Student: 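The structure under discussion is supplied below as structure tokens; questions concerning it will follow.
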Amino acid sequence: MSDTITNILLVGVGGQGILLASEILAETCKLAGFDVKKSEIHGMSQRGGSVVSHVRYGREVFSPTVPEGEGDILFGFELMETYRSLPLLKKGGKVVANNLKISPPSVLTGQEVYPDDLAERIRQSFPDFLLVDGQELASEAGNPKAANTVLLGAVSRQMEIAEEFWLEALAKMVPAKALDVNRRAFMLGRKL
Amino acid sequence: MKKEILSGNEAIARGAYEAGVKVASAYPGTPSTEILETIVQYPDINASWAPNEKVALEVAIGASFGGGRSLAAMKHVGVNVAADPLFTLSYTGVNGGLVLVTADDPEMHSSQNEQDNRHYARFAKVPMLEPSDSQECKEFTRLAFEISEQFDTPVMVRTTTRISHGKSVVALAEPVTGLPAPKLVKNAAKLVMLPGNAKVRHPFVEERSKKLSRYGDTHSINRMELRNSDIGIITSGSSYQYVREVLPEASLLKLGMVWPLAEGLIRQFAAKVTRLFVVEELDPFIEDQVKAMGISVIGKEILPVCGELSPGRVRLAFASIGIATADTGVPRQVDKLPGRPPNMCPGCPHRGVFYSLKQLNAYVTGDIGCYTLGFMPPLNAMDTCVCMGSSISTASGIVRALPEAERQRVVAVIGDSTFLHTGVNSLMEMAYNKSPATVIILDNRITAMTGRQDNPASGWTLMEDPTNAVDLVQLCRAVGIRNVRVVDPLDLEQTRQALKEEMARPEPSVIITNRPCVLLKREGVFVKGEVLAVDVEFCTGCRACLKLGCPAIEWRPGDGRKGNAYIDPLLCTGCDVCRQLCTFEAIKKREG
């Protein structure tokens with residue numbers, strides 16, 4: 001095992017299920033034999049505010065937060081939050097994001113506008129940006145609510161961890177009755 | 001050995017379980033809440049929510065006096081509330097081991113200040129351990145119970161948000177066995193703190209601190225990591241991880257016990273390195289003590305006092321004196337975006353109350369909870385917020401300073417849990433001294449902000465047992481408030497009318513709202529209403545409904561014509577408040 005640390009950032013809006021996705025990710029890394037650390041903020045920041053979860057894995061991880069500008073993978077649950085978090089990524093980092101817009105309060109009340117060209121702006125800096133229709137693919141898997149798992153599947157392609165560990169973590173973390181749908185959603189994402 | 005990924009809070013709970021804890025008590029507070037929520041899942045531990053942190057610590061003190069190991073947990077500002085028993089507990093010492101966890105919040109992710117609670121350890125003369133990851137959270141908690149009994153002292157374990165909510169791999173162990181059975185022991189000289197007895201205990205406390213400092217000189221909880229001898233860094237907690245990340249070649253003195261400081265070990269380390277630094281978050285706590293030892297050291301000259309540290313901030317600090325390079329730590333900019341502040345949930349029963357307060361031009365003394373968000377636009381309906389329970393006493397004081405004409409604008413707003421925490425004392429003051437302010441108790445049946453914990457008015461314990469519930473109406477009457485009324489906060493007219501009448505009344509009065517938190521999952525408590533929709537034929541685009549700031553209502557600009565409001569059917573809970581605001585009858589029940 002090399003000394004390299006892989007830095008993953010999961011970003012979106014409070015209530016989107018980011019914490020569960022980052023738990024599955026961290027569990028997978030642990031099952032694959034890595035040291036892993038994860039950090040995020042609970043409480044006030046969750047009431048519909050921006051959420052950033054950090055996951056780091058490798059032979060030995062020190063800081064639980066990703067050093068600024070050293071992110072390898074940005075896993076976006078929402079477009080504006082994905083764009084907002086680009087400075088956390090290193091040059092040449094990978095961006096995988098759900099094609100979903102959630103309006104913040106100032107946009108809801110008509111005082112500000114949600115920019116409509118964020119995907120293009122992300123692509124300008126990160127040309128291999130993968131924009132995923134999470135809800136659509138999750139519906140195909142059997143439940144639009146499994147969009148996060150589709151995204152997780154797409155992110156898994158960017159990490160060198162065997163499929164069996166992902167499936168084992170899913171089985172451990174997802175409630176039994178939702179497991180089949182989530183497995184299908186994961187595999188749809190992984191094939192993108 | 002079994003390994004799990006645990007948060008610092010979960011690991012502290014595990015450590016307490018492995019240490020054979022009998023009783024655990026806490027008041028919820030970010031970032032400490034999950035400690036009790038996890039501890040309650042282990043067998044043979046009596047775990048409970050207390051009305052406030054002082055009570056939580058006193059419950060733990062009782063259990064310790066009875067011979068059982070006990071734990072109290074709270075956020076940093078909670079220790080302010082619990083400070084009274086803490087300082088005398090330092091004198092009595094313990095019978096069963098007692099650990100007080102303080103979860104500090106540098107950067108104020110979810111707090112009103114970023115006080116550095118290491119000062120409490122020095123102030124109360126008790127040892128404090130500071131873990132750097134989840135494994136240490138578990139190990140240090142176990143060790144804290146041993147130190148507590150060995151040195152006859154309460155022990156504080158201090159975490160910070162990144163430690164409490166950070167997750168890392170933890171190797172689990174089996175619980176200890178063979179602890180003595182709890183029993184009643186008479187020992188007034190130790191446990192009755194009157195002057196005569198306390199005068200005997202104080203010298204014991206001073207001697208104890210010296211012994212603990214020597215213990216820290218040799219115990220593995222403090223360790224030297226000798227690498228390059230040019231640069232030596234004294235550090236602890238999460239700062240240790242950032243230093244390892246940024247300066248992998250530096251020699252370190254990692255302190256697991258941040259009070260009392262291991263003076264002998266610090267002198268040894270200082271002698272081994274050319275340039276000595278302290279890297280610590282918030283105040284120069286270790287730095288000041290090292291300087292007081294007559295040792296030359298650099299700390300806050302290069303590191304910030306405000307906010308949390310991060311690898312980037314540590315890198316910048318050392319780059320400023322040419323020791324690290326800052327090129328990887330400089331964030332690139334993106335174009336300015338609309339902000340995304342937190343907001344009250346769709347259907348939150350607090351929203352209509354704040355709307356009404358704004359309409360009535362009230363001056364609102366606020367309190368700590370989800371409803372503090374009532375200060376945000378577009379509601380802008382909170383004018384002060386200091387600490388838990390302060391809304392009522394602040395209102396009481398304001399009206400006494402104001403000319404009579406302005407008094408009736410003053411309204412205190414407080415949640416059920418915060419009211420029972422310390423607000424009830426303030427209400428006694430208001431009734432006793434006849435302050436003519438109005439109090440609203442937003443009773444949503446739960447401690448919502450911290451993630452829905454039960455409280456003495458909710459009817460359930462942490463262990464999920466049905467229990468006695470405080471009757472808020474009777475309680476307010478019992479402390480002497482003659483005007484107590486209950487309103488439905490989803491009925492705007494009723495709420496506005498009640499507020500208007502009580503604000504005009506030249507006597508203390510209390511209005512209690514009776515709708516539960518929309519996130520309450522207990523069956524039958526929160527019931528969703530019928531989802532609403534905007535009929536664009538009737539909507540004139542007046543934007544009255546947008547003044548609620550409900551996340552389910554969105555403004556849709558029209559192309560060439562007037563825009564209209566839109567209600568997201570997936571977010572709407574059918575609270576009906578926006579419909580009552582629409583004078584054009586454009587908001588209706590959604591069809592199909």
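Computed from heavy atoms alone, side chains included, the values below leave out hydrogens, waters and symmetry copies. The model shown is predicted, which means the values in this text are computed figures rather than measured ones.
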Student: Which heavy atom in A/E68 sits nearest to a heavy atom in B/S310, and how many Å separate them?
Tutor: OE2-OG, 3.0 Å
Student: Show me the donor-acceptor pairs within less than 3.5 Å that the side chains of residues 181-192 of chain A make with the rest of the protein, sequence neighbours left out.
Tutor:
from: A/N182; atom 1: OD1; to: A/T149; atom 2: OG1; distance (Å): 2.5
from: A/N182; atom 1: ND2; to: A/A178; atom 2: O; distance (Å): 2.8
from: A/R183; atom 1: NH1; to: A/D180; atom 2: OD1; distance (Å): 3.3
from: A/R184; atom 1: NE; to: A/A141; atom 2: O; distance (Å): 2.9
from: A/R184; atom 1: NH2; to: A/A141; atom 2: O; distance (Å): 3.0
from: A/R190; atom 1: NE; to: A/E163; atom 2: OE1; distance (Å): 3.1
from: A/R190; atom 1: NH1; to: A/S156; atom 2: OG; distance (Å): 2.7

Student: What are the two closest non-hydrogen atoms of B/E4 and A/K30, and how far apart are they?
Tutor: CA-NZ, 4.1 Å
Student: At a heavy-atom separation under 4.5 Å, does B/S238 approach chain A through its side chain, its backbone, both, or neither?
Tutor: neither
Student: Do other residues, nucleotides or ligands put more than 12 heavy atoms under 6.0 Å from the CZ atom of B/F375?
Tutor: no
Student: State whether the number of non-hydrogen atoms from other residues, nucleotides or ligands found under 6.0 Å of A/E136 atom CD is greater than 12.
Tutor: no
Student: As an exercise: rank B/R340, B/E554, B/K167, B/R313 by heavy-atom pairs under 4.5 Å with chain A and give me the winner.
Tutor: B/R340
Student: Closest approach of A/P104 and B/G339, non-hydrogen atoms and distance?
Tutor: CB-O, 3.2 Å
Student: Applying a criterion of heavy atom separation less than 4.5 Å, what residues of residues 241-248 of chain B form contacts with chain A?
Tutor: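 Residues in range: B/Q241, B/Y242, B/R244, B/E245.
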Student: Is A/R84 reaching over with its side chain to a backbone N or O of B/P338, donor-acceptor style, under 3.5 angstrom?
Tutor: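 Side chain of A/R84 to backbone of B/P338: a pair is present.
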Student: Tell me, side chain or backbone of A/I5 under 4.5 Å from chain B's heavy atoms, or both, or neither?
Tutor: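 Contact with chain B is absent: no heavy atom of A/I5 under 4.5 Å.
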Student: Mind ranking A/S125, A/S106, A/S103 by heavy-atom pairs under 4.5 Å with chain B and telling me who comes out on top?
Tutor: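 When all of A/S125, A/S106, A/S103 are compared, A/S103 has the most.
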Student: Looking at NE2 of B/H109 and CD1 of A/I41, how far apart are the two atoms once the value is rounded to the nearest 0.5 Å?
Tutor: 3.5 Å
Student: Is the count of non-hydrogen atoms from other residues, nucleotides or ligands lying under 6.0 Å from A/E160 atom CD greater than 12?
Tutor: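 Atom CD in A/E160 is not crowded, with 12 or fewer foreign heavy atoms closer than 6.0 Å.
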Student: Which heavy-atom pair separates B/L337 from A/P115 by the least distance, and what is that distance?
Tutor: CD2-CG, 4.1 Å
Student: Heavy-atom cut-off 4.5 Å, strictly under: side chain, backbone, both or neither for A/E40 against chain B?
Tutor: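 When you check distances to chain B, atoms from both the backbone and side chain of A/E40 fall under 4.5 Å.
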Student: In terms of heavy-atom proximity below 4.5 Å to chain A, should B/C550 be classed as side chain, backbone, both, or neither?
Tutor: backbone
Student: For B/K547, which atoms come within 4.5 Å of any heavy atom of chain A: side chain, backbone, both, or neither?
Tutor: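 Looking at B/K547, nothing touches chain A.
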Student: Other residues, nucleotides and ligands only: do more than 12 of their heavy atoms fall within 6.0 Å of NZ on A/K145?
Tutor: no
Student: Atom OG of A/S53 and atom NE2 of B/H165: how far apart are they, to the nearest 0.5 Å?
Tutor: 12.0 Å
Student: Where do A/D35 and B/V169 come nearest, in terms of heavy atoms and distance?
Tutor: OD1-CG2, 4.2 Å
Student: Do you know which two heavy atoms are closest between A/A26 and B/I5, and how far apart they sit?
Tutor: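 Closest approach of A/A26 to B/I5, heavy atoms only: O-CD1, 3.3 Å.
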Student: Under 4.5 Å from any heavy atom of chain A, what part of B/P557 do you find: side chain, backbone, both or neither?
Tutor: neither
Student: Name the region of A/V55, side chain, backbone, both or neither, that has any atom closer than 4.5 Å to a heavy atom of chain B.
Tutor: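 Answer is neither: A/V55 stays 4.5 Å or more from chain B.
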Student: Residues two or more places apart in sequence or in another chain: which of them pass side-chain hydrogen bond (donor to acceptor under 3.5 Å, both in side chains) with A/S63?
Tutor: A/T65
Student: Atom CG of B/D133 and atom NZ of A/K37: how far apart are they, to the nearest 0.5 Å?
Tutor: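 One finds 5.0 Å between CG of B/D133 and NZ of A/K37.
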Student: Which residues pass the salt bridge (charged side-chain N to carboxylate O under 4.0 Å, His left out) test with A/K177, sequence neighbours left out?
Tutor: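 For A/K177 there are no salt bridge (charged side-chain N to carboxylate O under 4.0 Å, His left out) partners, ignoring immediate neighbours.
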Student: Which is it for B/V334 and A/Y83 under the side chain to side chain contact (heavy atoms under 4.5 Å, CB included) test, yes or no, and what are the steps along the way?
Tutor: CA-CA 8 Å; B/V334 291; A/Y83 181 72; 3.7 Å; yes
Student: Between B/R315 and A/E70, is there a salt bridge with N-O shorter than 4.0 Å?
Tutor: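 Looking at B/R315 together with A/E70, the answer is yes, because their closest N to O distance falls below 4.0 Å.
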Student: Please look at A/E23 and chain B and tell me whether the side chain, the backbone, both or neither of the residue comes under 4.5 angstrom of a heavy atom of that chain.
Tutor: side chain
Student: Could you give the distance from CZ (B/R162) to OG (A/S39), rounded to the nearest 0.5 Å?
Tutor: 4.0 Å
Student: In terms of heavy-atom proximity below 4.5 Å to chain A, should B/R543 be classed as side chain, backbone, both, or neither?
Tutor: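 The side chain, not the backbone.
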